[in-house]
Amino acid sequence: MPLNWNYVAAGLLALLGLGNSAPTQNFPSSTVGEAFAARSYFYVGGNYVEQGSGHVFSNQMYVERLVPLKPTQTWPLVFIHGQGQTGTNWLNKPDGGAGWATFFLNQGYVVYIIDQTERGRSAWNPSGNTTLTTYSAEIIEQRFTASQNFSLWPQAGLHTQWPGSGLMHDPIFDEYYASNVEFQSNAVVQETKMQAAGSALLRKIGPAILIAHSQGGLMPWLIADVVPDLVKGIIAIEPTGPPFIEAVFSSTTTRPWGLTDIPLTYSPPPTNGTAPLQTQIVANNQSGLATCIIQAAPARQLVNLKNIPVLLETSESSYHAVYDGCTFQFLKQAGVSVEWLQLGEIGIHGNGHLHFAEKNSDEIAGVLQRWIKKAVG
């Protein structure tokens, strides 16, 4: 009997984890086809840690590898998710549509998707003297999916691209919030472990382009700092910021190394580990935050990042619209070859913080793909 290729294709997609799963009741399913890809996974980093009852393996990072039927691009992409998330961010969207993994597989890229250390399929060591935390549904509504209803920052009312109401009990919101997970509450611990695991990944797979979001958006600075020759480009989608201080939801002093909580390599090297960088206050041209904190002149240079093309990408309605300009100023002052892409300025309107999950996600991905071809090749 000849094979029914429709059934074969459906079975392959299910096995690869790229097909649309059975929708929940009243869940809007999608008929958008997923990309065919060969799927495998592995772990990088980690070590055995002795505890009372024996040894456990700790600090490892889960990596999923997706290879299109016909790879055509020179450099693979490594996707790094944000706080409270896992690599599922890049697969199906919460409305059932195809995500960025499919978009870039269709462009011929080999795709690597990680779960950050101590997150998702990267195990947390409960004996490691650290704690986990998570986000409430109300925080997700207010900051990410229905920000237009709460007006917590001046640009919030411009948000229109989330599919559905963005509120609890809406099926798309529930599907998204169900994917949120607990995360390491100590930023220093998380950055340290991710720097080790991320650099181990690139040493294993070779040079790649890093695409990172939100809290995950600061990890490329750390990874590139230790393996600069293995990072061909960085796309930082609304990365953790602004430098030195929290904004919008608090004003806590943080990130003494400007972009990160743990050391980066500067020239000349800082001599004070507690306050490594001297700072100055400058004007910020975005509504909601009058000033930025950057380095005092002459600014120390991020020497390991200077030869890596960087795209900083910001939507018009996210809380990052308030302060990503400060991150841009800091990067440029520190000698990084950075471009700042503000979606609203190129006619892409209404996006919040979760660009990859919103209605026009493919339009944004297309802009990122064109930048990759121009800046990296």
Side-chain angles (χ1 to χ4, degrees), residues 44-45 73-80 104 107 109-112 114 191-192 194-214 216-244 255-270 276-278 292 294-314 324-342 367-377:
V44 292
Q73 304 295 344
T74 305
W75 310 113
L77 307 179
V78 175
F79 284 92
I80 305 173
F104 285 99
Q107 304 303 313
Y109 289 94
V110 174
V111 169
Y112 292 88
I114 71 157
E191 291 174 25
T192 301
M194 274 299 299
Q195 184 181 54
S199 58
L201 171 61
L202 294 189
R203 290 187 180 105
K204 180 180 178 71
I205 68 173
I209 298 164
L210 308 183
I211 301 179
H213 176 247
S214 196
L218 64 76
M219 299 308 171
W221 320 134
L222 294 166
I223 296 167
D225 195 44
V226 292
V227 287
D229 293 341
L230 297 180
V231 178
K232 304 305 295 184
I234 294 171
I235 296 178
I237 303 165
E238 302 194 352
T240 291
F244 302 109
R255 293 180 289 279
W257 294 83
L259 302 173
T260 61
D261 293 278
I262 67 172
L264 291 169
T265 303
Y266 285 91
S267 179
L277 303 174
Q278 293 183 308
C292 300
I294 61 173
Q295 290 189 73
R300 300 177 190 273
Q301 301 295 285
L302 286 164
V303 290
N304 290 339
L305 303 184
K306 68 178 183 179
N307 295 322
I308 301 171
V310 173
L311 182 68
L312 173 65
E313 188 249 285
T314 310
D324 273 3
C326 300
T327 303
F328 174 71
Q329 288 191 61
F330 183 92
L331 287 165
K332 198 167 185 180
Q333 185 195 35
V336 179
S337 177
V338 59
E339 298 176 50
W340 186 20
L341 170 62
Q342 298 177 77
V367 175
L368 303 184
Q369 150 75 356
R370 290 190 289 274
W371 180 84
I372 291 171
K373 299 304 292 181
K374 177 192 76 169
V376 185

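- Note that the CD1 atom of Ile234 and the CD1 atom of Ile237 stand 12.5 Å from one another [nearest 0.5 Å].
- Using a 4.5 Å heavy-atom threshold, the side chains of Leu264 and Leu305 count as separate.
- Atom CD1 of residue Ile262 and atom CG of residue Leu222 lie 4.5 Å apart, to the nearest 0.5 angstrom.
- In terms of the side chain to side chain contact (heavy atoms under 4.5 Å, CB included) criterion, residue partners of Lys332 (sequence neighbours excluded) are, by chain and number, Phe328, Val338.
- For the pair Leu277/Phe244, a side-chain contact is recorded, criterion being any heavy-atom separation below 4.5 Å from C-beta on.
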_Trace of the side chain to side chain contact (heavy atoms under 4.5 Å, CB included) decision for Ile372 with Ile235_ = CA-CA 9 Å; Ile372 291 171; Ile235 296 178; 3.8 Å; yes
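- Under the 3.5 Å distance criterion, the side-chain polar atoms of Gln333 are matched with a main-chain donor or acceptor of Gln295.
- Ring geometry for Phe104 versus Phe79: interplanar angle of 30 to 60°, hence tilted.
- Taking every heavy atom of both residues into account, Val44 and Ala200 meet most closely at CB-CB, 4.3 Å.
- Each of Asp229, Val78, Val226 was checked for a side-chain contact (heavy atoms from CB on, under 4.5 Å) with Leu202, and the lone residue meeting it is Val78.
- Arg300 is linked by a salt bridge (Lys or Arg N to Asp or Glu O under 4.0 Å) to nothing, counting only residues two or more places apart in sequence or in another chain.
- Looking at Val376 and Pro309, their side chains come closer than 4.5 Å, going by heavy atoms from C-beta outward.
- With a 4.5 Å cut-off on side-chain heavy atoms, Arg255 and Thr240 count as touching.
- Residues Pro242 and Thr327 share a closest heavy-atom pair of CA-OG1, 3.9 Å.
- In this structure, Pro207 and Trp75 approach most closely via the heavy-atom pair CB-CZ3, 3.7 Å.
- Taking the side chain as every heavy atom from C-beta outward, Gln73 and Ile209 never approach each other to under 4.5 Å.
- Partners of Lys306 according to the salt bridge (Lys or Arg N to Asp or Glu O under 4.0 Å) rule, which considers only residues two or more places apart in sequence or in another chain, do not exist here.
- For the atom pair Ser214 OG and Met219 CE, the distance stands at 10.5 Å (nearest 0.5 Å).
- A side-chain donor-acceptor contact under 3.5 Å links Glu191 to the backbone of Asp261.
- Nearest heavy-atom pair, Ala236 versus Gly217, reported as atom, atom and distance to 0.1 Å: CB-O, 4.4 Å.
- Counting heavy atoms from C-beta outward, Cys292 and Pro243 have side chains that stay 4.5 Å or more apart.
- Checked by atom type and distance alone, the side chain of Gln301 pairs as donor or acceptor with a backbone atom of Ala299 at under 3.5 Å.
- Going from atom CH2 of Trp257 over to atom CG of Asp225 covers 9.5 Å, rounded to the nearest 0.5 Å.
- The shortest heavy-atom contact between Asp324 and Glu238 is OD2-CA, 3.5 Å.
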_side chain to side chain contact (heavy atoms under 4.5 Å, CB included) evaluation trace for Glu339 with Lys374_ = CA-CA 12 Å; Glu339 298 176 50; Lys374 177 192 76 169; 3.1 Å; yes
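- Rounding to the nearest 0.5 Å gives a distance of 7.5 Å between OH of Tyr112 and CG of Leu201.
- Going from atom CD of Gln195 over to atom CG of Leu218 covers 10.5 Å, rounded to the nearest 0.5 Å.
- Side chains of Ile223 and Ile80 form a contact here, defined as non-hydrogen atoms less than 4.5 Å apart.
- In the model, Glu313 has no side-chain atom that pairs as donor or acceptor with a side-chain atom of Trp371 under 3.5 Å.
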*Between Trp340 and Leu331, does a side chain to side chain contact (heavy atoms under 4.5 Å, CB included) hold up when you go through it step by step?*
CA-CA 10 Å; Trp340 186 20; Leu331 287 165; over 6 Å; no
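- Nearest heavy atom pair, residue Ser267 against residue Val303, reads CB-CG1, 3.4 Å.
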